[in-house]
Trainee: 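Can you read through this structure? Questions will come right after.
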Amino acid sequence: MEDKKTNILPESYPMTGGNGPHSYAQNSCYQKGVVDAAKEIINEAIAKKLDIENLSFVSLNPFRIADLGCSVGPNTFIAVQNILEAVELKYQAQGLNSCIPEFQVFFNDHITNDFNTLFASLPPDRKYFAVAVPGSFYGRLFPKASLHFVHSSYAISWLSKIPKEVVDINSPAWNKERIHYINATKEVGEAYSAQYAKDMESFLSARAQELVCGGLMALLIATIPNGTTYSTVNMFDLLAYCLREMANMGLVSEAKVDSFNLPLYIPSHKELETVVERNGYFSIERMEPLSHPMRQTTLSLQTIMLSLRAALGGVIEEHFGSEIIDEVFDRFTNKVAESSFILNPENRKEIDLFILLKRKSD
């Protein structure tokens, strides 16, 4: 009999830990490009929007920064250093060199994240006190009004859970033979969109309590332009094809494939604006596309495969078991190699977006 838990994914999706050839630490160059592309915008945002004379900032020392969805490094260290340097420049520009605060940085990710690798690779010359904060950022993580700056890169594309409708065989949104909402039925897309809106409301409400009034939050997130839909073959389609192929060969059960869905959602710009405005605790101070150096580059087959494996390997392994991972990604690599569409950068619709939010006064 099929395991009754096959339609349930854990509410924790860590990147592949360690420093091995399939680890996130070794295969996150694209994510690093997003952080690098945001550096100058972070500098400008802090220079113009960070009110260091506000009593909320003056009365609190150290200056507290949180990176949500930090994974295992090294990208989180680059992002934190960029923020820290921008804050120092802000103080110096206002002639407050003697008032530059100490810094405390909170590295957050799920409890199953590889914090050992993260802290083993902390920069030895860092100018901050480092703290691990395990837990889902869709709930409260910090005391009220204790943070000055929140940063998150690519992490809020991960849903807190799979929409229950897409794994319910009796639901119109049952996502049989697919593993994602892209190119699926309207009902599946609506279920994913509703889950995203619910998650973002929880995320923003939690951060509204944790940030001081006037505190800033910078989010780097993959989005799609308003009015854009996916109607072509994409990497998730190919991954689903590989799993169905393996089910037909008896390597995995068909029921497990039908109950597997990826907990990822890519919102439109309008969806993102709408959830922020509906939440009401934040003002949108800046929102613009990032000029990612790799977005229009033809990525190598190896880079695509290793990046996807580092990000999704844990989710697949949790659902199907570790013994199929190599087989899945070997097949996936072959399918991508056959698809000129996937490898062509002109067919990528996603836009890396920078959005700066400011906590409103109560």
Side-chain angles (χ1 to χ4, degrees), residues 11 38 41-42 44-60 62-70 79-80 83 86-87 90 104-110 131 133 135-161 192-223 226 265-288 290 353-362:
E11 297 184 5
I41 301 179
I42 290 281
E44 293 174 11
I46 289 176
K48 295 178 180 178
K49 301 296 183 178
L50 186 66
D51 184 7
I52 60 176
E53 296 179 358
N54 183 303
L55 287 178
S56 297
F57 288 87
V58 173
S59 62
L60 287 176
F63 188 96
R64 297 187 178 96
I65 301 166
D67 188 40
L68 307 182
C70 63
V80 164
I83 296 165
V87 173
K90 172 77 173 186
Q104 188 172 29
V105 175
F106 299 94
F107 294 97
N108 157 258
D109 214 306
H110 287 288
V131 183
V133 181
S136 170
F137 53 52
Y138 288 119
R140 283 283 303 279
L141 294 166
F142 306 97
K144 289 185 177 180
S146 62
L147 299 176
H148 301 92
F149 198 102
V150 171
H151 175 271
S152 186
S153 176
Y154 265 40
I156 59 172
S157 294
W158 291 85
L159 299 175
S160 67
K161 61 183 179 181
Y192 266 86
S193 179
Q195 185 63 52
Y196 168 77
K198 186 184 301 182
D199 283 347
M200 281 301 295
E201 172 62 28
S202 298
F203 177 87
L204 292 170
S205 295
R207 303 297 82 75
Q209 295 184 66
E210 297 164 351
L211 273 162
V212 299
C213 289
L216 299 177
M217 178 158 58
L219 303 177
L220 283 56
I221 179 173
T223 60
N226 295 331
Y265 186 76
I266 303 173
S268 69
H269 298 181
K270 185 61 178 178
E271 280 181 288
L272 193 53
E273 286 183 89
T274 298
V275 294
V276 173
E277 291 168 358
R278 184 187 300 133
N279 175 264
Y281 288 110
F282 295 92
S283 59
I284 299 176
E285 300 293 321
R286 191 163 179 173
M287 186 173 180
E288 64 185 83
L290 291 168
L353 193 73
F354 174 90
I355 179 168
L356 182 75
L357 306 179
K358 189 169 188 176
R359 177 64 167 93
K360 296 178 181 178
S361 299
D362 292 322

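Residue indices begin at 1 and follow the sequence shown. On a predicted model such as this, the values are computed, not experimentally measured, just so you know. Because only heavy atoms are used, hydrogens play no part in the values below, and waters and symmetry mates are left out as well, while side chains stay in.
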Trainee: Please answer whether the main-chain N or O of L216 pairs with a side-chain N or O of K49 as donor and acceptor at a distance below 3.5 Å.
Mentor: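 Between the backbone of L216 and the side chain of K49 there is no qualifying donor-acceptor contact (under 3.5 Å).
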Trainee: Can you confirm whether L353 sits close enough to M287 that some side-chain heavy atom of one is under 4.5 Å from a side-chain heavy atom of the other?
Mentor: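 Counting from C-beta outward, L353 and M287 do come under 4.5 Å.
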Trainee: Please report the closest heavy-atom contact between Y138 and I156, naming both atoms and the distance.
Mentor: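 That would be OH-O, 3.8 Å.
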Trainee: Heavy atoms only: give me the nearest S136-H110 pair and the separation to one decimal.
Mentor: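 What the structure gives for the nearest pair is CB-CE1, 4.1 Å.
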Trainee: Are any of the side-chain nitrogens in E285 or K358 under 4.0 Å away from the carboxylate oxygens of its partner?
Mentor: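 No, this pair does not count.
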Trainee: If you take all heavy atoms of S361 and C213, which pair is closest and at what distance?
Mentor: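 For S361 and C213, the tightest heavy-atom pair comes out as CA-SG, 3.9 Å.
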Trainee: Check this for me: does any side-chain nitrogen of one of E201 and K198 sit under 4.0 Å from a carboxylate oxygen of the other?
Mentor: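 Looking at E201 and K198, the cut-off is not met.
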Trainee: Testing V105, L219, L220, V80 one by one against H151 for a side chain to side chain contact (heavy atoms under 4.5 Å, CB included), which residue passes?
Mentor: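 For H151, the side chain to side chain contact (heavy atoms under 4.5 Å, CB included) test succeeds with only one of V105, L219, L220, V80, which is L220.
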Trainee: E210 versus R140: any side-chain heavy-atom pair under 4.5 Å?
Mentor: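 The answer is yes, as the side chains (C-beta and beyond) meet within the 4.5 Å cut-off.
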Trainee: With distance as the sole test, does Q104 use its side chain to make a donor-acceptor pair with the main-chain N or O of P62 at under 3.5 Å?
Mentor: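 No, the answer is negative, given that no donor and acceptor are paired below the 3.5 Å cut-off.
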Trainee: Are D199 and F203 side-chain neighbours, meaning at least one heavy-atom pair lies under 4.5 Å?
Mentor: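 No, side chains not in contact.
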Trainee: Could you walk me through whether R359 and M217 satisfy the side-chain contact (heavy atoms from CB on, under 4.5 Å) test, starting with their C-alpha distance in whole Å, then the side-chain angles of each, then the deciding distance to 0.1 Å, before giving a yes or no?
Mentor: CA-CA 8 Å; R359 177 64 167 93; M217 178 158 58; over 6 Å; no
Trainee: Compare every heavy atom of D109 with every heavy atom of G69, then report the nearest pair and how far apart it is.
Mentor: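 Taking G69 first and D109 second, the nearest heavy atoms are C-OD2, 3.3 Å.
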Trainee: Would a 4.5 Å heavy-atom cut-off, applied to side chains only, mark F106 and L147 as touching?
Mentor: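 Counting from C-beta outward, F106 and L147 do come under 4.5 Å.
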Trainee: Roughly how far apart are I46 CD1 and I83 CD1, rounded to 0.5 Å?
Mentor: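 Between atom CD1 of I46 and atom CD1 of I83 there are 6.0 Å.
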Trainee: A quick test of your reading: do over 12 heavy atoms of other residues, nucleotides or ligands sit less than 6.0 Å from OH of Y281?
Mentor: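 Not buried by this count: 12 neighbours or fewer within 6.0 Å.
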Trainee: Look at the aromatic rings of Y265 and Y192 and report parallel, tilted or perpendicular, splitting at 30° and 60°.
Mentor: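 Rings of Y265 and Y192: parallel, as their planes differ by under 30°.
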Trainee: Side chains of L357 and R207: does their closest heavy-atom pair fall under 4.5 Å?
Mentor: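 L357 vs R207: side chains apart.
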Trainee: Are the side chains of I42 and F149 in touch, meaning some heavy atoms are under 4.5 Å apart?
Mentor: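 Sidechains of F149 and I42: in contact.
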Trainee: How far apart are the C-alpha atoms of L272 and M200, what are their side-chain angles, what is the distance that settles it, and do they pass the side-chain contact (heavy atoms from CB on, under 4.5 Å) test?
Mentor: CA-CA 9 Å; L272 193 53; M200 281 301 295; 4.2 Å; yes
Trainee: So, does S152 use its side chain to make a donor-acceptor pair with the main chain of L68 at under 3.5 Å?
Mentor: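 Yes.
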Trainee: Could you grab the distance from atom NE2 of H269 to atom CG of N226, nearest 0.5 Å is fine?
Mentor: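 The CG atom of N226 is 6.5 Å from NE2 of H269, to the nearest 0.5 Å.
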Trainee: Relative to the ring of F63, is the ring of H148 parallel (under 30°), tilted (30 to 60°) or perpendicular (over 60°)?
Mentor: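 It falls in the parallel class, under 30°.
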Trainee: Quick one, F282 with K360, criterion side-chain contact (heavy atoms from CB on, under 4.5 Å). Give me CA distance, side-chain angles, the key distance, then yes/no.
Mentor: CA-CA 5 Å; F282 295 92; K360 296 178 181 178; 5.6 Å; no
Trainee: Looking only at heavy atoms, which two atoms of G135 and N108 are closest? And how far apart?
Mentor: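 Closest pair (atom of G135, atom of N108, distance): O-ND2, 2.9 Å.
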Trainee: Is there a side-chain contact between P267 and I221, using heavy atoms and a 4.5 Å cut-off?
Mentor: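 In short, these two side chains touch, coming nearer than 4.5 Å.
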